[in-house]
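Everything below concerns the one structure shown next.
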Amino acid sequence: MQVKKAIIPAAGLGTRFLPATKAMPKEMLPIVDKPTIQYIVEEAIASGIEDIIIVTGKGKRSIEDHFDHAFELEATLREKGKMDMLDSVLQTSKVEIHYIRQKQPLGLGHAIWSARKFIGDEPFAVLLGDDIVQNDEPCLEQLMNQFEQTGNSVIGVQQVPSKETHRYGIIDPISVDGKLIAVDRFVEKPEAGTAPSNYAIMGRYILTPEIFDFLGEHTLGAGGEIQLTDAIQKLNEVQPVYAYEFDGHRFDVGEKYGFIETTIEFALQRPELRDQLLELFERKLQESYTNKK
Ligand code: UTP
């Protein structure tokens, strides 16, 4: 069975970016000039996903507006002959997206569970906006290919330094066959020094619909939230759930330093910004060198 539907949860409080996220969704924070959630939607479409559902919550209206037509803006850009800008605006309104509200931010697992009626009885993808992955073959497509071969759930992972494992869901591998990994246990945010490996879950999942049986138990996990990782572990006890070490550069935009680093990296990829930025960095390095003397 092919994966055609994807859930993008976007109902979290975004506390790591307060006060910016008091009245604005963190998913709308731009990397250069594109909201983070648009990168995620583009990856889903490039991977062959046909139906996207975004789980929203209080204060998230601007996400729906972003993927809708903005008739006045479009007319003005057309009148002024600003066709490049018009194209970029039209690009975001072409996508067919559905929305559902998570009534309370009870955790990622609860957000996914809220979308169960939209998914029905078929395998589906989950993409989190905290990670942007750059690669010729989109990250999600790599996982979908693995799903087609195994017929089982596949979770995207990459290796992280040992001192960072407490920030992630971590897998305890049984055996590694190339990049595909059979998993004994999935552990959400293990305490420092207790992680069973360095393979961290990176916000891309292909899941079979049986996951909803476990999400429906509404068990509270790390941080008092209903955790997706805990439900994946329970699913793994009744059917195999694989991890896959995907190819690609992964950018962590869910916390401040990663967000700034990603902004700089993406800006450096823009020919119209690159030289000016490099000049700025050179000047700043020179200043810091002079101040140290
Ligand atoms: P995060 O924990 O990274 O997002 O959840 P957050 O809660 O918004 O951010 P902080 O930690 O307070 O800064 C991962 C993803 O799950 C969604 C978030 O929107 C994010 O995309 N999420 C989280 C929900 O949709 N609902 C929730 O109840 C919790």
Side-chain angles (χ1 to χ4, degrees), residues 6-31 35-44 52-64 66-67 97-119 124-133 139-140 155-157 160 164-170 186 188-190 200-205 207 211-212 215-232 250-260 262:
I7 303 175
I8 302 178
L13 296 177
T15 50
R16 280 170 287 180
F17 286 91
L18 281 169
T21 48
K22 189 177 167 204
M24 177 170 111
K26 89 167 174 186
E27 296 76 11
M28 288 300 291
L29 293 173
I31 304 292
T36 52
I37 196 162
Q38 191 178 332
Y39 290 93
I40 306 303
V41 165
E42 286 174 358
E43 181 186 326
I52 295 175
I53 188 162
I54 299 182
V55 183
T56 67
K58 201 171 169 327
K60 304 276 182 170
R61 264 286 303 279
S62 57
I63 297 178
E64 293 180 45
H66 181 70
F67 291 107
I97 298 183
H98 311 261
Y99 299 91
I100 190 156
R101 275 174 85 102
Q102 183 189 16
K103 298 210 170 64
Q104 275 180 292
L106 298 178
L108 171 60
H110 183 258
I112 304 300
W113 183 77
S114 308
R116 67 198 178 284
K117 290 195 176 136
F118 170 81
I119 298 297
F124 63 98
V126 174
L127 301 99
L128 303 192
D130 284 353
D131 300 298
I132 294 177
V133 183
C139 174
L140 191 69
I155 315 297
V157 296
V160 297
E164 288 180 20
T165 48
H166 66 281
R167 293 178 45 216
Y168 296 91
I170 299 288
F186 292 83
E188 182 61 25
K189 298 194 175 75
I201 300 176
M202 291 300 179
R204 298 291 184 276
Y205 312 73
L207 295 166
I211 191 79
F212 291 119
L215 289 173
E217 291 173 3
H218 293 183
T219 314
L220 299 183
E225 295 191 346
I226 299 170
Q227 296 287 355
L228 179 60
T229 308
D230 296 344
I232 291 174
R250 167 249 173 190
F251 295 92
D252 178 3
V253 295
E255 52 90 33
K256 268 177 244 181
Y257 175 78
F259 185 86
I260 293 165
T262 311

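We count ligands from 1, going down the list as the structure has it; atoms in each ligand are counted the same way.
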Pairing residues for F251 by the ring-ring contact (aromatic ring centres under 6.0 Å, His included) criterion, not counting sequence neighbours: H249, F266
Pairs flagged by side-chain hydrogen bond (donor to acceptor under 3.5 Å, both in side chains) wherever residues 105-119 is involved - sequence neighbours left out: Q102-H110
Partner of I8 by side-chain contact (heavy atoms from CB on, under 4.5 Å), out of I53, V55, I54: I54
Amino acids contacting ligand 1, non-hydrogen cut-off under 4.0 Å: P9, A10, A11, G12, L13, G14, T15, R16, K26, E27, Q102, P105, L106, G107, L108, A111, D130
Chi angles and distances behind the side-chain contact (heavy atoms from CB on, under 4.5 Å) call for L128, L108: CA-CA 9 Å; L128 303 192; L108 171 60; 3.7 Å; yes
Rounded distance [0.5 Å steps], CG in L127 versus CD1 in I7: 10.0 Å
Residue list, ring-ring contact (aromatic ring centres under 6.0 Å, His included) with F124, at least two apart or on another chain: F212
